[in-house]
Amino acid sequence: MSFNNLDMLYRQVIMDHYKNPRNRGVIEDGVTVDLNNPTCGDSLRLQLQVEDGIVKDVKFEGEGCSISLASASMMTQIVKGKSVDEALQLATIFSEMVQGKDYDTDTFDLGDIEALSGVSKFPARIKCATLAWKALEKGVDEEA
């Protein structure tokens, strides 16, 4: 697949998650984390339910750019059902990926999340992409 076709596919995946977000909504009980990215105007509320060290449920609400909301949608999909340790590993891998660093491709199938790898070319958008992941890390800390 050519670079242009791959880039177009990644854009389509991002726009699909932005327009049709997965796991958008509210959890009645669990940890709630509110974070903002004032440079872009992103505002996110992440709700997290952890039982026996497993992310049982995770949902989000918010407003923001396509990168921020698509990333939140993708993040909720990949961490649901994972152990807290796996979720935190994924957050580290994601952070490395969007910063253009080498990241572990063997531990997890990143699926749709790889569509956000191009964010590394736009440093101002890294905060947009990592907002939901930072909320996840904070929520896990509060849950512990």
Say whether, by atom type as modelled, one donor and one acceptor occur between the side chain of Ser73 and the main chain of Arg22 under 3.5 angstrom.
-> yes

Under 4.5 Å between any side-chain heavy atoms of Lys138 and Lys134, yes or no?
-> no

Heavy-atom neighbours of Asn20 CG exceed 12 at 6.0 Å = yes

Are Phe108 and Val79 linked, directly or through other ILVMFWY residues, by side chains that come within less than 4.5 angstrom of each other?
-> yes

Leu131, Phe122: one ILVMFWY side-chain cluster at the under-4.5 Å cut-off?
-> no

Counting heavy atoms not belonging to Lys80, are there more than 12 under 6.0 Å from its NZ?
-> yes

Mind checking whether Thr76 and Leu136 have side chains closer than 4.5 Å, heavy atoms only?
-> no

Hey, is the main chain of Ile27 close enough, under 3.5 Å, to the side chain of Gln47 for a donor-acceptor pair?
-> yes

Going from CZ on Arg45 to CG on Leu35, what distance comes out if it is rounded to the nearest 0.5 angstrom?
-> 11.0 Å

Do NZ/NE/NH1/NH2 and the carboxylate oxygens of Arg125 and Asp42 come within less than 4.0 Å?
-> no

Are side-chain N/O atoms of Ser71 and Trp133 paired as donor and acceptor at under 3.5 Å?
-> yes

Identify which one of Asp52, Ile54, Val50 satisfies the side-chain contact (heavy atoms from CB on, under 4.5 Å) criterion when paired with Ser83.
-> Ile54

If we only count heavy atoms from C-beta on, is the Gln89 to Asp104 side-chain gap below 4.5 Å?
-> no

Is there a donor-acceptor pair closer than 3.5 Å between any side-chain N or O of Gln49 and the backbone N or O of Asp29?
-> yes

Following the transitive rule for hydrophobic clusters with a side-chain heavy-atom cut-off under 4.5 Å over Ile, Leu, Val, Met, Phe, Trp and Tyr, establish whether Ile14 and Ile126 coincide in one cluster.
-> yes

So which heavy atom on Tyr18 is nearest to which on Ala70, and how close?
-> N-CB, 4.1 Å

